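In what follows, residues are counted from 1 in the order of the sequence shown. Only a predicted model underlies this, so the values are computations on that prediction, with no experimental measurement involved.
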Amino acid sequence: MERNLRKERLGVVVITKMEKSIPVAVNRKVKPPIYGKFVHNTTKFVAHDAQTVCNPRDTVKNREPRPLS
């Protein structure tokens with residue numbers, strides 16, 4: 001029995017200057033109830049890249065790790 005309760009996010013690689021890790025920018029559109037129009041929000045996550053295969057502007061699928069508690 002496998003549970004897939006972890007979120008997957010599509011993002012774009014920002015830079016590749018770190019060793020074995022890459023920052024990924026995830027863009028999403030949110031509609032606040034006050035304004036009523038869509039606003040773009042960007043969140044940066046750090047992903048693991050052991051082989052250093054990714055280049056800037058590559059599209060990457062990032063998944064949450066398992067719960068640790």
Side-chain angles (χ1 to χ4, degrees):
M1 187 167 138
E2 187 175 327
R3 291 182 161 181
N4 291 327
L5 301 176
R6 300 177 194 147
K7 295 178 185 175
E8 288 187 351
R9 296 182 175 99
L10 278 173
V12 179
V13 177
V14 182
I15 56 172
T16 56
K17 291 186 178 183
M18 291 189 276
E19 292 182 15
K20 298 185 181 181
S21 58
I22 50 172
V24 178
V26 176
N27 295 320
R28 59 190 175 95
K29 290 177 15 177
V30 180
K31 185 176 182 181
I34 296 172
Y35 303 116
K37 60 182 180 179
F38 285 100
V39 179
H40 294 275
N41 285 344
T42 303
T43 308
K44 287 186 182 179
F45 296 104
V46 179
H48 184 66
D49 185 22
Q51 289 88 16
T52 62
V53 182
C54 296
N55 295 319
R57 297 185 187 151
D58 284 349
T59 303
V60 183
K61 187 184 289 187
N62 196 7
R63 196 171 98 180
E64 286 183 347
R66 64 180 177 86
L68 299 176
S69 60

Colleague: Is Tyr35 isolated, or which residues cluster with it under the ILVMFWY side-chain rule of less than 4.5 Å, directly or via members?
Modeller: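 Noted: Tyr35 shares its cluster with Ile34.
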
Colleague: Check side-chain contact (heavy atoms from CB on, under 4.5 Å) between Arg57 and all other residues, then give those that pass, not counting sequence neighbours.
Modeller: none

Colleague: Distance-only criterion, 3.5 Å: show the donor-acceptor pairs between side-chain atoms of residues 13-32 and protein atoms not counting sequence neighbours.
Modeller:
from, atom 1, to, atom 2, distance (Å)
Asn27, OD1, Thr42, OG1, 2.8

Colleague: Write down the atom of Glu64, the atom of Arg6, and the distance for their closest heavy-atom approach.
Modeller: O-CD, 3.2 Å

